Amino acid sequence: MLNPGAVKHSMGWKLFCCVFTLMVGLLECPSIGNGIIIKTVNLKHSVTLPCNATCDIGIVWKIVDGQVVAKIDQGKLIEGKRFEKRVEINKDLSLTISSAVYNDKGSYECVCDKQNVADVKLDVLVPTEISAHVGDNVTLHCYGSTKKQATDGEMYVQWEKDGQTVLKIDPTNTTFGPGFIDRTSVTWDGYGEGDLSLTITGVRSSDQGTYLCFFNSDSDPGYPHGVTLTVKVQDSQPLPEVPRIQSCCDDDLDETTCPEGMYERTEEELHLPVAESGTLLVQEKSSTGS
């Protein structure tokens with residue numbers, strides 16, 4: 001005959017084991033419910049959408065509307081329409097899209113064993129291009145429909161580069177990214193007119209890259225959303241032109257002064273030493289008795 005107390009204890013232990021197993025299972029699937037991952041890519045560039053999971057049955061990447069982007073079927077890669085020869089599913093199940101086109105933008109799902117394990121939102125940028133020399137001041141233009149009657153305490157604008165904050169201004173604080181302290185600014189007057197343009201002073205080589213512009217508390221993208229800055233090194237100053245040395249072939253010299261067979265020679269041919277400043281050093285030429 002079974003002991004009721006033992007049965008009750010056994011059922012409680014089984015329940016505990018089930019809950020523990022469920023918790024462990026959730027711990028093994030950290031990508032589930034972690035929110036939407038935001039990725040950006042410049043037009044015609046490549047981007048990788050992450051999906052950290054382990055699949056037993058199969059892996060499918062698709063757009064939220066249901067279109068298949070790529071999947072592995074019986075060990076073979078199947079590419080979706082208009083993604084032919086542009087997609088690859090990597091060993092970690094991430095999706096790489098090459099030569100991004102504008103219509104690649106949108107929301108993507110990574111479906112592992114028929115379960116959605118990752119949501120990625122992809123934004124395809126068509127950045128404005130601007131160039132500056134090291135040491136210059138430069139303005140990256142961006143615009144948005146800001147509140148016309150906004151007060152100073154309602155200003156919200158953010159610029160990013162490589163996923164890192166360059167400058168963020170909100171009602172409570174102004175934050176500068178590493179290397180941009182006191183070198184970046186957005187004017188209050190401009191903000192009131194919808195001008196979110198970022199000014200960078202004393203441009204450095206490390207400033208090169210693509211910058212993203214956001215405004216309002218909802219982080220709406222400005223227009224253009226991306227600006228690519230190319231930094232050039234100042235052109236080196238040309239060396240002073242080497243002056244021509246008068247030779248025996250000058251027209252104003254007669255045959256007595258200029259024996260036959262002698263010709264015009266430059267400083268380079270004479271191998272005269274030149275100082276770093278570009279001026280000739282004094283060098284005495286010995287007589288050969290001719």
Side-chain angles (χ1 to χ4, degrees), residues 30-43 45-52 63-65 94-95 97 100-110 116 118-130 138-200 206-229:
S31 59
I32 299 177
N34 279 354
I36 298 176
I37 301 170
I38 307 297
K39 298 289 287 187
T40 60
V41 61
N42 286 356
L43 191 71
H45 287 216
S46 298
V47 64
T48 297
L49 312 185
C51 179
N52 297 317
I63 302 176
V64 172
D65 63 9
S94 61
L95 174 73
I97 302 176
V101 300
Y102 190 75
N103 276 349
D104 288 344
K105 68 183 300 183
S107 297
Y108 291 72
E109 294 177 337
C110 176
N116 182 14
D119 293 300
V120 183
K121 184 177 180 180
L122 177 64
D123 191 9
V124 179
L125 306 177
V126 187
T128 299
E129 296 185 1
I130 188 170
V138 67
T139 298
L140 311 183
H141 295 287
C142 180
Y143 302 89
S145 298
T146 59
K147 184 179 178 181
K148 295 181 176 63
Q149 303 301 323
T151 63
D152 192 12
E154 296 176 308
M155 183 176 181
Y156 191 104
V157 61
Q158 182 171 354
W159 281 86
E160 295 181 355
K161 174 179 175 285
D162 302 328
Q164 303 295 321
T165 297
V166 172
L167 172 65
K168 180 179 179 180
I169 303 174
D170 61 35
T172 61
N173 197 19
T174 297
T175 305
F176 297 91
F180 291 99
I181 297 175
D182 296 331
R183 298 179 50 235
T184 54
S185 62
V186 174
T187 65
W188 163 244
D189 289 340
Y191 182 84
E193 297 173 354
D195 188 348
L196 315 171
S197 299
L198 176 76
T199 297
I200 304 175
S206 59
D207 293 340
Q208 180 164 296
T210 298
Y211 293 72
L212 303 182
C213 170
F214 304 88
F215 70 103
N216 291 342
S217 57
D218 295 330
S219 295
D220 297 327
Y223 179 82
H225 184 38
V227 182
T228 296
L229 173 63

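Note that this is a predicted model, so its numbers are computed, not measured. Computation of the quantities below employed the complete heavy-atom set of this structure, encompassing side-chain atoms and omitting hydrogens, waters and symmetry-equivalent molecules.
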Evaluate Leu125 against Leu212 for side-chain contact (heavy atoms from CB on, under 4.5 Å), listing each step before the verdict. CA-CA 9 Å; Leu125 306 177; Leu212 303 182; 3.1 Å; yes
Pairs involving residues 182-194, ordered by first then second residue, that meet salt bridge (charged side-chain N to carboxylate O under 4.0 Å, His left out) (sequence neighbours left out): Arg183-Asp207
Heavy-atom pair of closest approach, residues Gln208 and Lys161: O-CE, 3.0 Å
Once you round to the nearest 0.5 Å, how far does CG of Asp65 lie from OG of Ser107? 9.5 Å
Under the side-chain contact (heavy atoms from CB on, under 4.5 Å) criterion, do Tyr156 and Ser219 qualify, and how do the steps go? CA-CA 9 Å; Tyr156 191 104; Ser219 295; 4.1 Å; yes
Starting at CG of Leu229, measure out to OG1 of Thr128 and round the result to the nearest 0.5 Å. 12.0 Å
Quick one: does Pro224's side chain get under 4.5 Å of Val126's, heavy atoms only? no
Qualifying residue, where the test is side chain to side chain contact (heavy atoms under 4.5 Å, CB included) with Val227 and the options are Leu198, Ile130, Val138: Ile130
Nearest heavy-atom contact between Val124 and Val101 is CG2-O, 3.6 Å
Considering all heavy atoms, the nearest Asn116-Cys110 contact: OD1-O, 3.2 Å
Drop me the distance from Leu140's CG to Thr184's OG1, to the nearest 0.5 angstrom. 10.0 Å
Could you give the distance from SG (Cys142) to CZ (Phe214), rounded to the nearest 0.5 Å? 9.5 Å
Thr146: side chain to side chain contact (heavy atoms under 4.5 Å, CB included) partners, not counting sequence neighbours: Tyr191, Leu196, Phe215
Closest approach of Ser197 and Thr139, non-hydrogen atoms and distance? CB-CG2, 3.7 Å
Check whether any side-chain heavy atom of Val166 sits under 4.5 Å from a side-chain heavy atom of Ile200, and report yes or no. no
What distance do Asp170 atom CG and Thr175 atom OG1 have between them, rounded to the nearest 0.5 Å? 6.5 Å
Steps toward side-chain contact (heavy atoms from CB on, under 4.5 Å) verdict (Leu167, Phe180): CA-CA 8 Å; Leu167 172 65; Phe180 291 99; over 6 Å; no
To the nearest 0.5 angstrom, please state how far the OG1 atom of Thr48 sits from the NZ atom of Lys39. 7.0 Å
Asp195 and Val186 have their tightest heavy-atom pair at O-CG1, 4.3 Å
My understanding is that only residues two or more places apart in sequence, or in another chain, count here; which of them pass side chain to side chain contact (heavy atoms under 4.5 Å, CB included) with Ile38? Ile36, Lys121
Indicate the atoms forming the closest heavy-atom contact of Val41 with Ser46, along with that distance. CG2-O, 3.6 Å
